[in-house]
Amino acid sequence: MNTFGALDLHISIAAQEVFAIGPFPVTNAMLTGIAGLIITIAILFYVGGKVKKGRYNRFVGLIQWVFEGLLKSIDDVIPDRVLARKITPLAVTIFFFVLFSYWLSVLPGLETITVGGVPILRSLTADLNFTLGLAIITIVTVQMYAIKHLGILGNAKGYFRNPIRDPIGAFEGALELIGEISRGTALALRLFGNAFAGEVLLIVIAALTSYFATVALPFFMGFELFIGFIQAYVFFVLTLIFTALAVSHGDHSESSSDHSLAKPKKAKLAG
Amino acid sequence: MNTLTQFANTEAPSGDVFSALGINWMTLIFQIVAFLLLVWLLGKFVYPWLIKSVDERQEKIAAGTKAAAEAQAAAVAAEARIEKLLKKARVEAADIVATAKLESASALAASEEKAKKRADQIVADAKADIEKEVIGAKKALHNETLELVALATTNVTSKLVDGASNEALIADALKAVK
């Protein structure tokens, strides 16, 4: 009987290159990501087409129900309806694409199907390139809406204040700036960490349980599906909260010089 | 220990921290662009229809809720109106009953009075008729008595007196009777 230490487990933090197109490396995460992309497009276009024609079935109803729930969350977090509608495509796409991509990590053959010794399946969410890209898109979009909503100077006031006239405000602005960077980093690392840990968990459980993997793995796969949903929803909600915070920080920095009042509001939203 | 060794040896970081974490700038940019394209595609062709259908459904629900609230308010108002009408009707009915009782009592009293009057009239008329008949009967009896007296007197006197003194006697008798 094999011991765990003797197993040839292949765990890599970075997505592995399957082949290259010129200088462009095509990784296993990208291949799975393309599958996730096709699934997302196929499902949402199918549902959109059915809704457009007014032909409903249970699957369409399910997706529409989820969509309606997401829309309600957006309206709850972002009170400005126009802004809420503008952020909807990004936030909802993040939810669905992260969800489907994450769920692909529970596909059987995650570690066993290999091409040239490289596992061909790896969830896109377990690739830091994707999660970091998603975080960059989110932070940049949030800043764009903040600038649109508050103006360039109005938005900049949230981060840069005169340290002589308002030292506490300046300190708070610096913290806000650091906060923006840390939010983006945390956004990327949270999703990556969960997805990567999930994949490792499945691999380790499969290795540890050996022939009993068929019995043990489904429980962990179900758990991973649940975690996938949670992570997709967390990313979605954080996108909304960051947007709400970014467009509102100008309001309370102008309306109140009492920083002790502004902070709990932010903390409440972020919490 | 083997486990730890296994994980520690899985991927030795090579180069800088980004490449150790598998961050490749070309891949990163490619994935950002691909995701933005996906957002644009779905935002252009899918979400508008879904948002429209959700908005329509919410409008229908809002309209239904509003209609239900209005119907409930109308029902409450109608109930209040009905209650008011019933109260008014009860008061009116009580008034009508009281008036009817009063009117019937007065009508009864009036008819009783009338009946009494009529009865008194009938009794009075009857008394008058009886009196008249008594007087007539007395008169008739008187006349008859006179005739009988005259006849008897004639019969008695016809044998005692002549014709002339007879007539004188009769005349005196009549005068005495009168």
Side-chain angles (χ1 to χ4, degrees), chain A residues 3-17 23-27 29-30 33-34 37 40-41 44-54 56 63-64 67-68 71-72 85 88-90 92-94 96-97 124 127-134 136-137 140-141 192 200 204, chain B residues 1-70:
Chain A
T3 60
F4 180 60
L7 290 171
D8 184 24
L9 291 179
H10 192 92
I11 297 165
S12 164
I13 291 175
Q16 291 157 290
E17 186 179 318
F24 186 75
V26 178
T27 61
M30 278 172 70
I34 289 167
L37 192 77
T40 308
I41 289 174
L44 291 178
F45 265 83
Y46 169 76
V47 172
K50 288 283 181 186
V51 168
K52 190 177 171 183
K53 288 172 189 166
Y56 295 92
I63 299 292
Q64 206 187 7
F67 184 82
E68 196 173 338
L71 217 55
K72 193 178 176 306
R85 285 289 181 265
T88 297
L90 175 69
V92 175
T93 307
I94 283 174
F96 281 115
F97 189 53
L124 190 65
D127 179 5
L128 203 52
N129 287 301
F130 172 68
T131 59
L132 190 64
L134 219 51
I136 289 168
I137 290 170
V140 169
T141 310
F192 168 75
V200 172
V204 170
Chain B
M1 185 59 78
N2 276 337
T3 310
L4 293 173
T5 313
Q6 180 72 33
F7 276 97
N9 287 337
T10 48
E11 194 73 25
S14 61
D16 61 330
V17 68
F18 290 112
S19 50
L21 290 168
I23 295 170
N24 178 303
W25 298 111
M26 276 171 69
T27 310
L28 182 70
I29 291 163
F30 172 78
Q31 292 193 0
I32 288 173
V33 171
F35 185 78
L36 288 177
L37 273 174
L38 178 67
V39 172
W40 176 80
L41 204 64
L42 295 174
K44 183 91 178 166
F45 299 107
V46 177
Y47 296 142
W49 295 104
L50 293 176
I51 290 171
K52 195 183 164 193
S53 87
V54 169
D55 284 347
E56 279 174 1
R57 240 188 77 191
Q58 279 176 351
E59 274 172 20
K60 275 183 192 170
I61 290 167
T65 311
K66 197 182 167 188
E70 280 175 0

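First the proteins, then the strands, lettered A, B, ... as listed; each starts at 1. Please read these numbers as outputs of a predicted model, since none were measured by experiment.
- Nearest heavy-atom pair across A/Pro89 and B/Gly43 is CB-CA, 4.1 Å.
- Note that CH2 of B/Trp49 is 15.5 Å distant from NZ of A/Lys50, once rounded to the nearest 0.5 Å.
- Residues B/Met26 and A/Asn129 form no side-chain contact, since every pair of their non-hydrogen atoms from C-beta on lies 4.5 Å or further apart.
- At least one side-chain heavy atom of A/Pro25 sits less than 4.5 Å from a side-chain heavy atom of B/Asn24.
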**Message:** Would B/Leu21 and A/Ile13 count as a side chain to side chain contact (heavy atoms under 4.5 Å, CB included) here? Give the steps.
**Reply:** CA-CA 6 Å; B/Leu21 290 168; A/Ile13 291 175; 4.1 Å; yes

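- Note on ring orientation: taking the six-membered ring where Trp is involved, the planes of A/Phe130 and B/Phe35 are perpendicular (angle over 60°, cut-offs 30° and 60°).
- Looking at A/Ile137, the atoms closer than 4.5 Å to chain B (heavy atoms on both sides) all sit in the side chain, from C-beta outward.
- With a 4.5 Å cut-off on non-hydrogen atoms, B/Ile51 touches chain A through its backbone and its side chain both.
- Between A/Ile41 and B/Leu38 the shortest side-chain heavy-atom distance falls below 4.5 Å.
- In this structure, the portions of A/Phe24 lying under 4.5 Å from any heavy atom of chain B include both its backbone and its side chain.
- Side-chain contact between B/Leu42 and A/Phe96 is absent, with no heavy atoms from C-beta onward closer than 4.5 Å.
- With chain B as partner, the option from A/Ile63, A/Thr88, A/Ile94, A/Val26 having the largest number of non-hydrogen pairs under 4.5 angstrom is A/Ile94.
- Proximity of B/Gln58 to A/Glu68: side-chain heavy atoms (C-beta onward) are separated by under 4.5 Å at one or more points.
- At a threshold of 4.5 Å between non-hydrogen side-chain atoms, the residues A/Asp127 and B/Gln31 count as touching.
- Heavy-atom distances place both the backbone and the side chain of A/Val92 under 4.5 Å from chain B.
- Heavy atoms of A/Leu71 lying under 4.5 Å from chain B belong exclusively to its side chain.
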**Item:** Derivation of the side chain to side chain contact (heavy atoms under 4.5 Å, CB included) call for B/Tyr47 and A/Leu44
**Value:** CA-CA 9 Å; B/Tyr47 296 142; A/Leu44 291 178; 3.8 Å; yes

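- B/Leu41 has its side chain within reach of A/Phe45: a pair of non-hydrogen atoms, C-beta onward, lies under 4.5 Å apart.
- For chain B, no part of A/Tyr46 is nearby; none of its heavy atoms comes within less than 4.5 Å.
- When side chains are defined from C-beta on, B/Leu28 counts as touching A/Ile136, because their heavy atoms get closer than 4.5 Å.
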